[in-house]
Amino acid sequence: MVSECQSACTFSHSQLLHSGAVLSALQTMAFFTHQVIRGLSSSAVRNAAIKHVTIIGGGQMGAGIAQVAATTGHSVVLVDTNEEILKKSAKGIEGSLKRVVKKKFADKPDAGAEFIAKVMANVSISTDAASVVGSTDLVLEAIVENLKIKQGLFGALDKVAPAHTIFASNTSSLPITDIASSTSRLDRFGGLHFFNPVPMMKLVEVIGTSATSQDTFDSLLAFSKALGKTPVSCKVRSSGIPYDTIHYVHHMPFRSIRLHERGHGSKEDIDIAMKLGAGYPMGPFELLDYVGLDTAKFIMDGWVEKDPGNPLMQPSEMLNKLVAEGKFGKKTGEGFYKYK
């Protein structure tokens, strides 16, 4: 059948070659058609708002982003490998919304219940990422800080996601360029770094690589604003990691660990000093417990491997000991602090 099609196409083309006028007309038509399609395509990219979001990872960050996106009217699919994790994520989102209701709908219980129902209706869950990305505008990853795992995820989804779909990572420690290299959509790949706890923290770092198109970057900025967040554009080093993220997520907490290990201050005093003196909503040790000490170790180990000569990023005996003991922070009931 293929050979028959090729013969038919060749025959038709050879016939047209006998008529210079017809060929010229077709060439002119093709040129203008190409320009129109190109213009429509560019316009569609510029004007397309991100409405459907697929969030990979049902942990604190993923669930927090899902809550904010659903609250602002976006259709959200939250994906994780385990059904129990997703049920816990949905329960956590609903619990967080109930706390919002207590403040905003204190005297209107019916309106509060309607608010929660409306937001939760925007959220669905799935354990099969490949099956739900077919109609999504944005795939946002918030999984473990492991480059190979992230590359494997995006590499697989790149084969099934629509051409217009933007990919983004919430990574706080890995090069966006390295993650994006596993896909064929370098121009539609960027970073969206949210801060914990997502519903409370206003800042979002929007990260573009040298390959990220302006349309993609603008779409990520617009999406961040649509969530009610304040986006900042981050410069990317040759490593692919933005300066702002390094200073906030790594330097402050890890320097605090060094200070405590050297006996310059208790974790309580350091936390109080940063909250009262610098206006932080959480102290660095509280933040590490909230994020998860296992995640913090992933980050530190990655930096040790990438930059072994950096004294700031040398392994922390204190952090390693807590993780080895299974004390990951709030999620296990104990980290730098104990939680009931």
Write down the atom of Ile179, the atom of Ser169, and the distance for their closest heavy-atom approach. CD1-OG, 3.7 Å
Any donor and acceptor pair, going by atom type alone, linking the side chain of Lys297 with main-chain N or O of Pro315 inside 3.5 Å? no
Mind checking side-chain hydrogen bond (donor to acceptor under 3.5 Å, both in side chains) for Thr54 and listing every partner two or more places apart, or none if nothing turns up? Thr136
Return the set of residues passing side-chain contact (heavy atoms from CB on, under 4.5 Å) with Asp158 (not counting sequence neighbours), or none when no residue passes. Phe167, Thr183, Ser184, Arg185
Is there side-chain contact between Phe285 and Ile257, with at least one heavy-atom pair below 4.5 Å? yes
Could you tell me if Tyr339 and Asp289 have a donor-acceptor pair between their side chains, going purely by distance under 3.5 Å? yes
Any side-chain heavy atom of Pro231 sitting closer than 4.5 Å to one from Lys225? yes
I need the Lys338 NZ to Thr332 OG1 distance, nearest 0.5 Å. 12.0 Å
Just do the side chain to side chain contact (heavy atoms under 4.5 Å, CB included) check on Val53 and Val77 with the steps written out, would you? CA-CA 6 Å; Val53 186; Val77 180; over 6 Å; no
Assess whether side chain to side chain contact (heavy atoms under 4.5 Å, CB included) is satisfied between Asn82 and Thr127, documenting all intermediate values. CA-CA 6 Å; Asn82 188 295; Thr127 57; over 6 Å; no
Group every Ile, Leu, Val, Met, Phe, Trp and Tyr by side-chain heavy-atom contacts under 4.5 Å, then state whether Val133 and Val123 land in the same group. no
What about Met200 and Val119, same hydrophobic cluster or not, with Ile/Leu/Val/Met/Phe/Trp/Tyr joined at side-chain heavy-atom distances under 4.5 Å? no
Can you confirm whether Leu138 sits close enough to Thr165 that some side-chain heavy atom of one is under 4.5 Å from a side-chain heavy atom of the other? no
To the nearest 0.5 Å, how far apart are OG in Ser182 and CG in Leu157? 9.5 Å
Thr72 side chain vs Leu227 backbone, donor-acceptor pair below 3.5 Å: no
So for atom NZ, which belongs to Lys331, do other residues, nucleotides or ligands contribute more than 12 heavy atoms lying within a distance under 6.0 Å? yes
Flag yes if Leu174 and Phe298 sit in one hydrophobic cluster, no otherwise; membership is Ile, Leu, Val, Met, Phe, Trp, Tyr, and two members link when side-chain heavy atoms are under 4.5 Å apart. yes
Side-chain donor-acceptor pair under 3.5 Å between Thr209 and Thr212, yes or no? yes
Does Val139 share a hydrophobic cluster with Ile149, counting links as ILVMFWY side-chain heavy atoms below 4.5 Å and allowing steps through other members? yes
Suppose the criterion is salt bridge (Lys or Arg N to Asp or Glu O under 4.0 Å): which pairs have a residue in residues 120-145, not counting sequence neighbours? Glu141-Lys150, Glu145-Lys150
Backbone N or O of Asp271 within a donor-acceptor pair of the Glu286 side chain at under 3.5 Å? no
Would you mind reporting whether Lys229 and Val68 have side-chain heavy atoms less than 4.5 Å apart? yes
For the CG atom of Asp80 and the OG atom of Ser89, what is their distance to the nearest 0.5 Å? 6.5 Å
Check the pair Thr216, Ser219 against side-chain hydrogen bond (donor to acceptor under 3.5 Å, both in side chains), reporting the backbone distance first and the verdict last. CA-CA 5 Å; Thr216 296; Ser219 291; over 6 Å; no
Report yes or no: do Ile56 and Val160 belong to one cluster of Ile/Leu/Val/Met/Phe/Trp/Tyr joined by side chain heavy-atom distances under 4.5 Å? yes
In short, Ala142 meets Met61 closest at the heavy-atom pair CB-CB, 4.3 Å
Is Lys275 atom NZ crowded by more than 12 heavy atoms from other residues, nucleotides or ligands, each under 6.0 Å away? yes
Please set out all donor-acceptor pairs under 3.5 angstrom arising from side-chain atoms of residues 92-101, sequence neighbours excluded.
| from | atom 1 | to | atom 2 | distance (Å) |
| --- | --- | --- | --- | --- |
| Ser96 | OG | Gln67 | OE1 | 2.9 |
| Ser96 | OG | Gln67 | NE2 | 3.1 |

Note: Glu325-Lys321 ion pair, threshold 4.0 Å (strictly below): yes
Donor-acceptor pair, side chain of His264 and main chain of Leu259, under 3.5 angstrom: no
For Ser172 and Ile299, the nearest pair of non-hydrogen atoms, with its separation, is OG-CD1, 3.6 Å
With sequence neighbours excluded, tell me which residues meet salt bridge (Lys or Arg N to Asp or Glu O under 4.0 Å) with Glu261. Arg258
Find the distance between CD1 (Ile207) and SG (Cys234) and round it off to the nearest 0.5 Å. 5.5 Å
Restricting to non-hydrogen atoms, name the atom on Met282 and the atom on Pro197 that form the minimum distance, rounded to 0.1 Å. CE-CD, 3.8 Å
Report the C-alpha distance between Ile55 and Val76 in whole Å, list the side-chain angles of each, state the deciding distance to 0.1 Å, and finish with yes or no for side chain to side chain contact (heavy atoms under 4.5 Å, CB included). CA-CA 7 Å; Ile55 299 171; Val76 180; 3.8 Å; yes
Asp215 bridged to Arg188 by N-O distance under 4.0 Å: no
All heavy atoms of Ser224 vs all of Leu192, minimum pair found to be OG-CD2, 3.5 Å
Quick check for you: to the nearest 0.5 Å, what is the distance between His193 atom NE2 and Thr171 atom OG1? 7.5 Å
Distance in Å, Phe194 CZ paired with Asn170 CG, rounded so as to fall on 0.5 Å steps: 7.0 Å
Phe336 ring center within less than 6.0 Å of His260 ring center: no
Those residues at least two apart in sequence (or on a different chain) that pass side-chain contact (heavy atoms from CB on, under 4.5 Å) with Glu268 are Ser266, Tyr337
Given Ser316 and Met300, is the side chain to side chain contact (heavy atoms under 4.5 Å, CB included) satisfied, shown in steps? CA-CA 8 Å; Ser316 163; Met300 183 171 276; 4.0 Å; yes
Would you say Ser126's side chain and Val79's backbone share a donor-acceptor pair under 3.5 angstrom? no
Steps toward salt bridge (charged side-chain N to carboxylate O under 4.0 Å, His left out) verdict (Lys118, Glu114): CA-CA 6 Å; Lys118 185 176 180 181; Glu114 183 181 348; over 6 Å; no
